[in-house]
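For reference, the structure is listed below as structure tokens.
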Amino acid sequence: MLTREDIMETVRMIQEENLDVRTITMGVSLLDCADSDIDRSCRKVYDKLARKTENLVKTGEELEAKYGIPIVNKRISVTPMALLAGVSGGDPVKYAKVMDRAAKNAGVNFIGGFSALVHKGFSEGDLVLIDAIPEALSETELVCSSVNIGSTKAGINMDAVRILGEKVVKTAELTKDRQCIGDAKLVVFCNAVEDNPFMAGAFHGIGNAETVISAGVSGPGVVRTVLSKMPDDAPLDEVAEEIKRTAFKITRVGQLVAREAAKKLHSEFGIIDLSLAPTPAVGDSVARILEEIGLEECGAHGTTAALAMLNDAVKKGGLMASSSVGGLSGAFIPVTEDEGMISAARSGNLSIEKLEAMTAVCSVGLDMIVIPGDTPAEVISAIIADEAAIGMVNSKTTAVRVIPAIGLKEGEELNFGGLLGSGPVMKVRTSSPAKMIRRGGRIPAPLQSLKN
């Protein structure tokens, strides 16, 4: 039961500390839209999405008004479209354009699922879809793409890693007149999950129900405010306990919204993704939480330890509040989307190497990092391989979303505006990994016994 104090505390979190439901995402299965004719298949995709998602935005707005809880984004995720492309043949860009049109018709922010799962190898549908990613992302506005290139059980598909490095470069070139925005909508995963409601990596896994509503709840500002009220000499176990209690309260808010949205939309309730997802707004930063724990600036020695504690406490608090916590859940560290990360990157205290170390203990990976526009494709592939190795060995989800800023050099700024924010072009090591990347093949799955 909620007490008056609980209600007032939640109101304060919303009004003063940037608590929000970052997204409600409807996952829609499109398996029944497969057809040997791509044009017929596209018509089926559009009709089904129009039918299933027509009330998604309206429902979100009604719940915002009813509870006074901001629901920042309403989004759609769909079955990995490589599955449909493998049946229909033809140009997968047609699917991307239909997805874009359906998303605009529904009034959502993004639609995810122009995706392929190639951790154990390629089907014909996978190959044609991956080849179409640059054109698909340059010719649409709301479509997001992801490719899973590795897993703990399968190892890393290095042929896919090589190809994706090339596609990242091409996507940047095709969207260079729009701040290389295409690559902000492309994520390369290891150990991708089927129930992630956050973009750009969301897709509707084939193990899910016909339609599913999942929610992502975010409250970096709430956590930071709570920690700011603690004594500077409070032991770290007490700090972790306070984060856990706060995560519990935040999760209850998300579960309330997601369950009611699912009921109104006649969908299954999926999961609550309790990820501390930052924004460029001051006071809504994961980096500032780490500094509240006791770092002079994010990126200092001790950052990885502080982030590990934060991530673990968030998960523990969420699991106390709901048995349906899933997705990625923890703490995101997207550089351009976090005011504190942007500041640390500008000062030079936060490097790609430090971010890579941090990804071993947080939710995802190297996210929204701007790199020089002349970075070779094989270097981008090697960045992907390094991050995938962390995910593979540690049995966790990792990802890479880097943006080669065409025409910009290290230290210059790329500005997307809005939720995607802005950030400095970060230094990338220039020693070539080309020979390793050209080898292709597979990095074998790690030993799962004799762990030390």
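Note that this is a predicted model, so its numbers are computed, not measured.
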Worksheet item: Quick one: does K74's side chain have a donor or acceptor within less than 3.5 Å of a partner on M26's backbone?
Response: no
Worksheet item: Does atom NZ of K104 have more than 12 heavy-atom neighbours from other groups under 6.0 Å away?
Response: yes
Practice prompt. Please check if the side chain of N191 supplies one atom and the backbone of T152 the other of a donor-acceptor pair under 3.5 Å.
Written response: yes
Discussion item. Minimum heavy-atom separation for V314 and A247, please, with both atom names.
Written reply: O-CB, 3.6 Å
Worksheet item: More than 12 foreign heavy atoms under 6.0 Å from CE of M436: is that the case here?
Response: no
Worksheet item: In this structure, which one of V78, T140, D100 forms a side-chain contact (heavy atoms from CB on, under 4.5 Å) with I111?
Response: V78
Fill in: Shortest non-hydrogen contact between T171 and P134, atoms and distance
OG1-CA, 3.3 Å
Worksheet item: Does a side chain donor of either S285 or D338 reach within less than 3.5 Å of an acceptor in the other side chain?
Response: yes
Practice prompt. Under the side-chain contact (heavy atoms from CB on, under 4.5 Å) rule, collect the residues that match up with T25, sequence neighbours excluded.
Written response: T23, R75, S77, P197
Worksheet item: Atom CZ in F114, atom CG in L129: separation rounded to 0.5 Å?
Response: 4.0 Å
Discussion item. According to side-chain contact (heavy atoms from CB on, under 4.5 Å), who are the partners of N148, at least two apart in sequence or on a separate chain?
Written reply: L117, H119, F189, A192
Worksheet item: Residues in salt bridge (charged side-chain N to carboxylate O under 4.0 Å, His left out) with K176, at least two apart?
Response: none
Fill in: Side chain to side chain, Q255 and R252, heavy atoms closer than 4.5 Å
no
Fill in: Contacts of type side-chain hydrogen bond (donor to acceptor under 3.5 Å, both in side chains), residue K120, not counting sequence neighbours
none
Discussion item. K264 vs N55, test: side chain to side chain contact (heavy atoms under 4.5 Å, CB included). Steps then yes/no.
Written reply: CA-CA 9 Å; K264 284 178 174 287; N55 293 317; over 6 Å; no
Fill in: Sequence neighbours excluded - ring-ring contact (aromatic ring centres under 6.0 Å, His included) pairs with any residue from residues 288-344
F198-F332
Item to complete: Give a yes or no answer on whether the side chain of N311 reaches the backbone of L307 with a donor-acceptor pair at less than 3.5 Å.
Response: no
Worksheet item: salt bridge (charged side-chain N to carboxylate O under 4.0 Å, His left out) with K52: which residues, sequence neighbours excluded?
Response: none
Discussion item. Run H204 and V28 through side chain to side chain contact (heavy atoms under 4.5 Å, CB included) and show every step you take.
Written reply: CA-CA 6 Å; H204 186 71; V28 182; 5.7 Å; no
Practice prompt. Side-chain contact test, heavy atoms from C-beta onward, threshold under 4.5 Å: evaluate it for E166 versus R162 and give yes or no.
Written response: yes
Discussion item. Are L355 and M426 packed together at the side-chain level, in the sense that at least one heavy-atom pair is separated by less than 4.5 angstrom?
Written reply: yes
Show the atom names and distances, to 0.1 Å, of all donor-acceptor pairs under 3.5 Å that link a side chain in residues 405-419 to residues at least two apart or in another chain.
residue	atom	partner	partner atom	Å
K409	NZ	D374	OD2	3.0
E412	OE1	K409	N	2.5
E413	OE1	R346	NH2	3.1
E413	OE2	R346	NE	2.9
N415	OD1	G417	N	2.9

Fill in: Pairs touching residues 361-398 that satisfy ring-ring contact (aromatic ring centres under 6.0 Å, His included), sequence neighbours left out
none
Item to complete: Verify side chain to side chain contact (heavy atoms under 4.5 Å, CB included) between T59 and L63, making sure each step is shown before the conclusion.
Response: CA-CA 6 Å; T59 298; L63 292 174; 4.2 Å; yes
Worksheet entry | Note, T251 side chain near V217 side chain (heavy atom, < 4.5 Å) | no
Worksheet item: Taking atom OG1 of T303 and atom CG of L295, what is their separation to the nearest 0.5 Å?
Response: 4.5 Å
Worksheet item: Can you check whether T225's main-chain N or O pairs, donor with acceptor, with S228's side chain at less than 3.5 Å?
Response: yes
Item to complete: With sequence neighbours excluded, tell me which residues meet side-chain contact (heavy atoms from CB on, under 4.5 Å) with V188.
Response: I149, L164, I384
Discussion item. Between R429 (side chain only) and V379 (backbone N and O only), is there a donor and an acceptor less than 3.5 Å apart?
Written reply: no
Worksheet item: Do C298 and M341 have side chains that get closer than 4.5 Å, going by heavy atoms?
Response: yes
Response to the item:
Between M309 and V239, the two heavy atoms sitting closest are CE-CG1, 3.8 Å
Item to complete: List for me each residue that meets salt bridge (charged side-chain N to carboxylate O under 4.0 Å, His left out) alongside E268, sequence neighbours excluded, and say none if there are none.
Response: none
Discussion item. Could you check whether E241 pairs with K244 (Lys NZ or Arg NE/NH1/NH2 to Asp/Glu carboxylate O, under 4.0 Å)?
Written reply: yes
Worksheet item: So which heavy atom on P433 is nearest to which on A382, and how close?
Response: CG-CB, 3.5 Å
Item to complete: Kindly say whether R401 contributes a backbone atom to a donor-acceptor pair with the side chain of D367 at under 3.5 angstrom?
Response: no
Worksheet item: Please walk me through it: do T175 and L137 pass side chain to side chain contact (heavy atoms under 4.5 Å, CB included)?
Response: CA-CA 8 Å; T175 56; L137 297 182; 5.8 Å; no
Worksheet entry | Exercise: do D273 and S214 side chains pair donor with acceptor under 3.5 Å | no
Discussion item. Check R288 with E292, please: is the shortest side-chain N to carboxylate O separation under 4.0 Å?
Written reply: no
Fill in: Exam field: side chain S146 to backbone S115, donor-acceptor pair closer than 3.5 Å
no
Practice prompt. Supply the atom-to-atom distance E135 CD to L174 CG, rounded to the nearest 0.5 angstrom.
Written response: 5.5 Å
Worksheet item: Can you check whether V108 reaches V57 side chain to side chain, under 4.5 Å on heavy atoms?
Response: yes
Practice prompt. Taking side-chain contact (heavy atoms from CB on, under 4.5 Å) as the test, write out the residues that go with T304, two or more places apart.
Written response: K354, A357, M358, V361
Worksheet item: Which value, rounded to the nearest 0.5 Å, describes the distance between D195 atom CG and L328 atom CG?
Response: 8.0 Å
Fill in: Main-chain N/O of L56 paired with T53 side-chain donor or acceptor, under 3.5 Å
no
Practice prompt. For residues I380 and I371, determine if any side-chain heavy atom of one lies less than 4.5 Å from a side-chain heavy atom of the other.
Written response: yes
Discussion item. Suppose we screen for salt bridge (charged side-chain N to carboxylate O under 4.0 Å, His left out). Which residues come up paired with E210, at least two apart in sequence or across chains?
Written reply: K48
Fill in: Under 3.5 Å donor-acceptor, K185 side chain and E141 backbone
yes
Discussion item. Please determine whether a side-chain nitrogen of the Lys or Arg among K229 and E242 lies less than 4.0 Å from a carboxylate oxygen of the Asp or Glu.
Written reply: no
Worksheet item: Roughly how far, to the nearest 0.5 Å, is CG of L265 from CD1 of I24?
Response: 7.0 Å
Worksheet entry | Donor-acceptor contact below 3.5 Å, side chain E291 vs main chain E297 | no
Worksheet entry | Minimum side-chain heavy-atom gap I352-I369 below 4.5 Å | yes
Discussion item. Show the nearest heavy-atom pair for residues V143 and A96, with the distance to one decimal.
Written reply: CG2-O, 3.3 Å
Worksheet item: Nearest heavy-atom pair of V428 and P372: which atoms, and what distance?
Response: CG2-CD, 3.8 Å
